[in-house]
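Values below: every heavy atom of this structure, side chains too, minus hydrogens, waters and symmetry copies.
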Amino acid sequence: MSILHQVTYGWQRLATGPAFGPTASTLAPDELGRLHRRVEHWLRTDPGGSCEVSHFYGVFGRHAVLVRREQPHGGHSALARLLVSAPALLTPRLALEVRDWQWLGVQGERLLPLTRRGIEPYRVGLAAESRSPEALAQLVPLLSHVLAGEEDLIELPPSECAYPLLWGLDAIVGGLVSDEPVRTDRPPAFETFDDRARPPGHPGLFIRFSERAGTLAAHPVYDSVAGRLVADYARRANGAPMPSSPPARPAAPAPAGPLVPCPICAATLTWDERELYRYDRGEGAYVTLTIPDSASPAQRAVLRRTAFVRCAGPEEAGPGAAHYLPLAYGQHGTPSVYGFVGATNSGKTHLLISMIAQLEKHGLGPGLSHQAISLAGHQSLVDEQVSPFLNDSRVVEHTRPGAVGLVDIFMVREAGGGGRPVALFDVAGGDLLEIESARRFLDVADGLIFVVNAADLGRDELGDRTFATVLELLQASGRLAELSTAIVLGKADLLRFEDPIASWLRQPDRVLDPDSSLRESADVYAYLQARHADAWTRPYRECRRATFHVASAAGSDTVADKTFVRGVRPCRVLNPLIALMAMTGVLTSPEARRIGI
């Protein structure tokens with residue numbers, strides 16, 4: 001989830017009487033229903049009214065939630081407003097910074113999803129207030145209990161310093177003071193006011209300001225360490241470095257690495273490489289990779305080339321639930337993730353394999369270079385699928401149901417520029433309709449390649465059901481306006497005698513030409529309309545940037561004994577990939593910026 005969703009709550013008059021519930025939301029109804037069951041206890045404090053404004057922040061699986069509660073006395077006058085996003089985006093610090101924000105993007109009664117950039121001007125820091133004498137005095141005992149790690153619930157009496165206290169705590173625990181950050185493995189949560197006698201529990205570390213709490217005394221063991229850290233924080237100017245304090249906890253975790261979204265489960269991974277794995281072909285499983293301390297740099301490099309990182313999404317549990325990503329996947333910045341969308345027989349898997357085959361033969365074209373960064377995985381793909389398809393004209397098996405598969409990952413470089421990883425994923429067509437893990441893939445995809453099966457034109461004017469489902473899921477999550485798409489009229493060899501398809505099949509591949517791209521898009525769009533296939537053009541109408549393409553993965557359609565009888569001759573399969581890289585910012589030339597409308 002790369003955006004922030006909004007939900008508003010209020011009292012409504014129903015046939016059964018007054019009820020407190022959601023009045024507007026940018027979340028899909030089913031997702032809102034699941035979230036409501038988890039946060040409903042945190043929408044209000046005392047049902048009769050209490051503190052006018054207070055906040056709750058917590059992490060529930062894949063969702064971080066900030067609740068702004070407006071609860072003046074007077075019965076049915078309470079309001080609640082929520083921000084919902086991935087924990088990596090909606091952090092405790094961001095929640096504190098937007099605590100007084102007035103929930104922008106409202107059009108009448110319709111809420112709009114928000115981007116991080118859109119709320120940047122409304123963030124208000126607490127650096128100065130968190131260094132006031134009153135805040136620092138209360139921060140020492142609070143920090144000492146956090147460092148001790150003995151309590152899941154830490155209660156303090158209500159305080160005007162509640163927000164500065166939480167800000168200072170986040171700064172210290174998050175490593176903004178020392179070179180050895182003090183980190184906890186417990187997801188943080190806080191509540192700035194509560195007057196309930198028995199509030200619900202919350203997993204992880206929960207800091208609560210409650211009328212029933214007594215004065216918090218410092219922890220006897222960690223008091224001095226907390227005092228030194230707070231003193232360093234008090235002397236430290238905004239952003240200025242300070243000498244690091246001794247580690248406050250016996251265990252010193254490795255420094256955190258970059259945050260990388262997992263395209264399989266949509267979890268956000270810290271790519272710190274603390275535990276690596278390798279695939280053992282003999283056991284048919286991933287096993288821990290141990291690099292000996294005595295290994296030379298060359299030996300380490302060899303072992304790391306085939307290493308994997310384990311990811312178990314927050315909703316997964318139990319043995320066998322984990323999945324693995326190549327170590328190289330998160331070593332070169334945030335990858336640009338592309339998925340292929342189409343029904344089971346649309347030819348999308350053949351198109352993907354054909355793209356990789358043409359990359360192996362011809363590259364991306366003038367001024368562009370690419371290099372596989374998962375060497376073992378790439379070679380296995382070439383040996384098992386690309387070479388049999390291209391050299392032996394063998395049919396590629398359909399994507400295995402129930403799996404979201406990383407097909408290949410490579411680094412793309414422009415002449416004289418830096419590199420950007422590009423990851424190609426294939427999802428079984430039926431899974432996008434039924435499998436929740438496949439749907440989560442849409443939360444992290446940067447671009448999609450929709451594959452239109454030329455053989456289906458004229459058979460069903462409602463188009464590919466997978467297209468509609470994907471677009472509706474993206475619309476419900478608020479991501480539809482963010483994604484770029486390339487719509488490929490695949491198996492175009494079936495239309496090789498029809499204009500304008502015939503003329504485009506004769507045009508060159510690996511071309512970054514915005515004028516030619518616009519003409520091709522207009523021609524294919526008009527052709528589909530003439531064939532009463534308007535439903536297939538929906539991605540072009542609704543996504544942020546889009547292009548149409550004519551391509552043929554195999555160049556023929558006659559198959560016998562799982563072999564293309566006339567051989568395999570890929571035609572114009574790289575243009576869609578190059579266009580998508582231009583629309584998603586992987587390519588940055590002036591020509592690239594003009595691709596897509």
Straight-line distance of [X] [atom1] to [Y] [atom2], nearest 0.5 Å:
X      : Y      : atom1 : atom2 : value
Leu448 : Phe425 : CG    : CZ    : 12.5 Å
Leu368 : Glu414 : CG    : CD    : 6.0 Å
Ile356 : Leu390 : CD1   : CG    : 12.0 Å

Side chains of [X] and [Y] in contact at under 4.5 Å (non-hydrogen atoms):
X      : Y      : result
Ile409 : Leu325 : no
Ile353 : Leu381 : yes
Lys491 : Asp557 : no
Gln385 : Val407 : no
Val309 : Leu276 : yes

[X]: which residues meet the side chain to side chain contact (heavy atoms under 4.5 Å, CB included) condition with it, sequence neighbours left out?
X      : answer
Leu303 : Leu289, Ile291, Pro292
Ser517 : Ser521, Thr547, Ile595
Ala226 : Val140, Leu143, Ser144, Leu147
Pro113 : Ile3, His5, Thr26

Exercise for the section: Just do the side chain to side chain contact (heavy atoms under 4.5 Å, CB included) check on Ile449 and Met355 with the steps written out, would you? Expected result: CA-CA 12 Å; Ile449 294 178; Met355 284 180 176; 3.8 Å; yes
Practice task
With side chain to side chain contact (heavy atoms under 4.5 Å, CB included) as the test, would you mind laying out the steps for Arg278 and Tyr286 before giving the verdict?
Solution key: CA-CA 5 Å; Arg278 63 179 178 85; Tyr286 291 90; over 6 Å; no
Kindly give the heavy-atom pair with the smallest separation between [X] and [Y], and that separation in Å.
X      : Y      : value
Lys348 : Val341 : CD-C, 3.9 Å
Pro87  : Gly61  : CG-O, 4.1 Å
Leu587 : Ala592 : O-CB, 3.5 Å
Tyr329 : Val337 : OH-CG2, 3.4 Å
Leu90  : Ser85  : CB-CB, 3.9 Å
Ala95  : Tyr57  : CB-CD1, 3.7 Å

Set of residues satisfying side chain to side chain donor-acceptor pair (under 3.5 Å) with respect to [X], sequence neighbours excluded:
X      : value
Thr485 : none
Ser387 : Asn391
Gln371 : none
Ser354 : none

Sequence neighbours left out, cut at 3.5 Å: what donor-acceptor pairs do the side chains of residues 562-575 make with other protein atoms?
unit_1 : atom_1 : unit_2 : atom_2 : d
Thr563 : OG1    : Arg394 : NH1    : 2.6
Thr563 : OG1    : Asp561 : O      : 3.3
Arg569 : NH1    : Arg566 : O      : 2.9
Arg572 : NE     : Trp504 : O      : 3.1
Arg572 : NE     : Gln507 : O      : 3.2
Arg572 : NH1    : Glu520 : OE2    : 2.8
Arg572 : NH1    : Val550 : O      : 2.9
Arg572 : NH2    : Glu520 : OE1    : 3.3
Asn575 : OD1    : Arg510 : N      : 2.9
Asn575 : OD1    : Val511 : N      : 2.9
Asn575 : ND2    : Pro508 : O      : 3.4

Exercise for the section: Go through the steps to decide whether Val452 and Ser346 satisfy the test side chain to side chain contact (heavy atoms under 4.5 Å, CB included), and finish with yes or no. Expected result: CA-CA 6 Å; Val452 179; Ser346 63; over 6 Å; no
Handout entry: Summary of ring-ring contact (aromatic ring centres under 6.0 Å, His included) pairs that have at least one residue in residues 358-378, sequence neighbours excluded
Key = His370-Phe410
Fill in the blank from the handout: Sorted by chain and number, sequence neighbours left out, salt bridge (Lys or Arg N to Asp or Glu O under 4.0 Å) with Glu97 holds for Arg123
Practice task
Would you check if the side chain of Asn453 reaches a backbone N or O of Asn345 as a donor-acceptor pair within less than 3.5 Å?
Solution key: yes
Completion exercise
Phe389 meets the ring-ring contact (aromatic ring centres under 6.0 Å, His included) criterion, sequence neighbours left out, with His350
Problem - Arg420 vs Ser336, side chain to side chain contact (heavy atoms under 4.5 Å, CB included): CA-CA, chis, key distance, verdict - result: CA-CA 7 Å; Arg420 175 88 176 270; Ser336 193; 3.7 Å; yes
